[in-house]
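Worksheet: one structure, shown below.
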Amino acid sequence: MCGVFAICQQTCQKGQKVDIDEARKLSRRQHHRGPDFNGFYQDKKTGDILVHERLAIMDLGCVQPIQGTRPTRQVIHNGEIYNHQALRDTELKQFKLKTTCDSEVIIFLYERYRDGHICNMLDGVFAFALCYDGDFLAARDPVGVKQFYYGIDANGRYFFSNEMKCLEDSCGDIKIESFPPGHYYTPKTGFVRYFNPQWFDYRNAIQALDLKLLQKTMIAAVHKRLMSDAPIGVLLSGGLDSSLVSSIASREMKRRGMTVHSFSIGVDHNSPDVVAARKVAKFIGTTHHEFYFSIQEGIKNLRKLIWHLESYDVTSIRASTPMYFLSEEIRKKGIKVVLSGEGADEIFGGYLYFHNAPSDEEFQKETIDRVLHLYTSDCLRADKSSMAHSVEVRVPFLDKAFMEAAITLDPAFKRPQKLEDGRNCEKFVLRSAFNTDQYPYLPDEILWRQKEQFSDGVGYNWIDSLMQHCASKITDKEFAQASKLFPHNTPHSKEAFYMRKIFHELFPSDQAALTVRKWIPKWQKNQDPSGRASLVHESSYHNLGEDNCNGKSAITQQRIEQCRPQA
């Protein structure tokens, strides 16, 4: 986990090339991503530049860029390659690699194949750039777990960086965009999609229910993400997703003789997530740490948070605030890596608005769309709010094998169900996969707990107070100018207007604003992204009307129970 910054100058149409000192200054804007080491390389022939800010996770003494078989072959990498040892033992056994760092396999794979499609051989997450005897290549992982941007300046140079702040001054007047997930770039080919799974097409979601497969691939996804030479812990919100990840990780870490640290946060000790996390931690036997932040602290921190987050999306800012403070405390404890539960709600339709999906087909389309845009929402939030304090977040639910098994499942099985006691239940399939009698993963009250979005679960008064504060800062007259001031993604509330105003002060270019995608729930009357805007939430603050709740799938709870795996 690190900060990567690169400039491809082969495309420069005029003017002098950027020198290495200027590139290093720009890269230092994301120094928080990698405070342990700094390294750089410039190709003498092309002028292409690689700069790396390293957070040491694997092979703690290794410095990037990492060299291949010659000094003119170099790579910088942000992320983790979980199958690096398997690649060393098979595809790369003819080479003599010099480190135990997972990043090293990238440059040697390119040496062997000279093709950007080597990305399909990498099991992990990544944003990387490499120089190879005059070649330049940059790439991003399949669904964009790692944040990555590219920009083009007035002279046609291509800039690449984990964070937009490194590109704003150079490229803001021309182009800044998110580097498309699942693609690689070379100056000869432009952007090329290398990742084309079956599940991109909603019509391929026809697989029969196999709860054992879901359980098996999920456990494998968690286990591989325990790879680390640095201290590791788990984020534990007390919701289903993080609790499952924590339970699986805890069992394996104890088997390996490792101490398991879990972390939760709320506005006080009675916050819904804090209470639930406390119960889970006791059940799975972790060394648990609770932290609290005040609403005043959250409001005071908004400007700094938006600078790190590089977004004005209301949902992302609400949820990033507790994660920002929690990451700060985790780093103080000496932990560099944590596992988290991002991705499950998108894959299984876990957000409460999915209860209103009009059909299996529309449900499946929306889940795919949510997964494909995770890089603009939860992945962005998890990466940037944690890396603000040099903490790496790993997300097992976005493992390639697990996604293939879960997303291709017939959507009829994934639709929200009604429990026997009348409660609404989302992600029923996932809950059932881990509802084993002899070897329980979680207490029943947690396994069947209603979905709480992170920004709600830390304490309902966090969002309520934030909305009130923002409203007090924006006059009616000012808000009436919203569409004129911000024609793209026009703010729909004073809260959104206030966030957008801060963002514009920090990132004034139109290009910066265009990189943000607002998170808006479908199939409900109210646009507020809080889970409490849904009718089915137990503490709903908006009555959307029963007419918004459409018919559910014909697949019944009994049918799913019949497939439940045994311990």
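From a predicted model like this one, the values you see are computed outputs, not experimental measurements.
- For the pair Ser246 (side chain) and Leu236 (backbone), a donor-acceptor distance under 3.5 Å is absent.
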Requested in this report: Apply salt bridge (charged side-chain N to carboxylate O under 4.0 Å, His left out) to Glu163 and Arg29, showing your working.
Outcome: CA-CA 9 Å; Glu163 299 194 1; Arg29 295 179 182 179; over 6 Å; no

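- Between the side chain of Arg394 and the main chain of Met227, a donor-acceptor pair closer than 3.5 Å is present.
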Requested in this report: Tell me, with the steps shown, if Glu478 and Lys494 meet salt bridge (charged side-chain N to carboxylate O under 4.0 Å, His left out).
Outcome: CA-CA 9 Å; Glu478 190 174 13; Lys494 288 187 176 180; over 6 Å; no

Requested in this report: Would you sort out whether Ser242 and Ser237 count as a side chain to side chain donor-acceptor pair (under 3.5 Å), showing the intermediate values?
Outcome: CA-CA 6 Å; Ser242 69; Ser237 72; 3.0 Å; yes

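- Ring geometry for Tyr351 versus Tyr353: interplanar angle under 30°, hence parallel rather than tilted (30 to 60°).
- Electrostatic pairing of Lys384 and Asp313 does not count as a salt bridge here, judged by no charged N lying under 4.0 Å from a carboxylate O.
- Taking the six-membered ring wherever Trp is involved, the centroid distance between the rings of Phe179 and Phe191 falls below 6.0 Å.
- Here the side chain of Arg500 pairs a donor or acceptor atom with the backbone of Asn489 at under 3.5 angstrom.
- Here Arg140 pairs with nothing under the salt bridge (charged side-chain N to carboxylate O under 4.0 Å, His left out) rule; sequence neighbours left out.
- Listed by chain and number, the residues in a ring-ring contact (aromatic ring centres under 6.0 Å, His included) with Tyr375 amount to none (sequence neighbours excluded).
- Among residues at least two apart or in separate chains, salt bridge (charged side-chain N to carboxylate O under 4.0 Å, His left out) pairs with a member in residues 219-235 are Asp123-Lys224, Lys224-Asp399, Arg225-Asp399.
- Ring orientation note: the planes of Phe503 and Phe507 are tilted relative to one another, at an angle of 30° to 60°.
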Query raised in the report: Between Tyr441 and Ile219, does a side-chain contact (heavy atoms from CB on, under 4.5 Å) hold up when you go through it step by step?
Result: CA-CA 11 Å; Tyr441 283 83; Ile219 291 172; 3.4 Å; yes

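- Atoms SG and OH, from Cys119 and Tyr184 in turn, are 8.5 Å apart once rounded to the nearest 0.5 Å.
- Applying the 6.0 Å contact sphere to NE2 of His269 captures no more than 12 heavy atoms from other residues, nucleotides or ligands.
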Extract all donor-acceptor atom pairs below 3.5 Å that involve side chains of residues 321-333 and protein atoms in other chains or at least two apart in sequence.
residue: Thr321; atom: OG1; partner: Ile317; partner atom: O; Å: 3.0
residue: Ser327; atom: OG; partner: Met323; partner atom: O; Å: 2.8
residue: Arg331; atom: NE; partner: Ser390; partner atom: O; Å: 3.1

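- His77 and Phe126 have tilted rings, their planes meeting at an angle from 30° to 60° on a 0 to 90° scale.
- A distance-only check finds no donor-acceptor pair linking the side chain of Ser243 to the backbone of Leu240 [under 3.5 Å].
- The backbone N or O of His504 lies less than 3.5 Å from no partner atom in the side chain of Tyr312, so there is not a single donor-acceptor pair.
- Remark: side-chain polar atoms of Asn162 are paired, donor with acceptor, to backbone N or O of Gln147 under 3.5 angstrom.
- Under the 6.0 Å cut-off for aromatic ring centres, Phe160 and Tyr185 qualify, their centroids lying closer than that.
- Screening residues 288-302 for salt bridge (charged side-chain N to carboxylate O under 4.0 Å, His left out) gives Arg278-Glu290 as the qualifying pairs, with residues at least two apart or on separate chains.
- Less than 6.0 angstrom separates the ring centroid of Tyr498 from the ring centroid of His469.
- Looking at Asp36 and Lys336, a side-chain N of the basic residue comes within less than 4.0 Å of a carboxylate O on the acidic one, giving a salt bridge.
- Between the side chains of Glu342 and Ser340, at least one donor-acceptor pair of N or O atoms lies under 3.5 Å.
- Between the side chain of His183 and the backbone N or O of Pro181, at least one donor-acceptor pair lies under 3.5 Å.
- A perpendicular orientation is assigned to the rings of Phe354 and Trp523, their planes being inclined by more than 60° (bins at 30° and 60°).
- Checked by atom type, the side-chain pair Thr515/Glu310 shows no donor-acceptor distance below 3.5 Å.
- Taking Tyr202 as the reference, nothing meets the ring-ring contact (aromatic ring centres under 6.0 Å, His included) condition, with sequence neighbours excluded.
- Looking only at distances, a side-chain donor or acceptor of Lys165 sits under 3.5 Å from a matching main-chain atom of Trp307.
- Atom CG of Asp369 sits in a crowded spot, with more than 12 heavy atoms from other residues, nucleotides or ligands closer than 6.0 Å.
- The environment of His373 atom NE2 is dense: over 12 non-hydrogen atoms of other residues, nucleotides or ligands sit within 6.0 angstrom.
- To the nearest 0.5 Å, the span separating CG on Leu447 from CZ on Phe283 amounts to 9.5 Å.
- With no hydrogens or angles considered, no side-chain donor-acceptor pair links His261 and Thr287 at under 3.5 Å.
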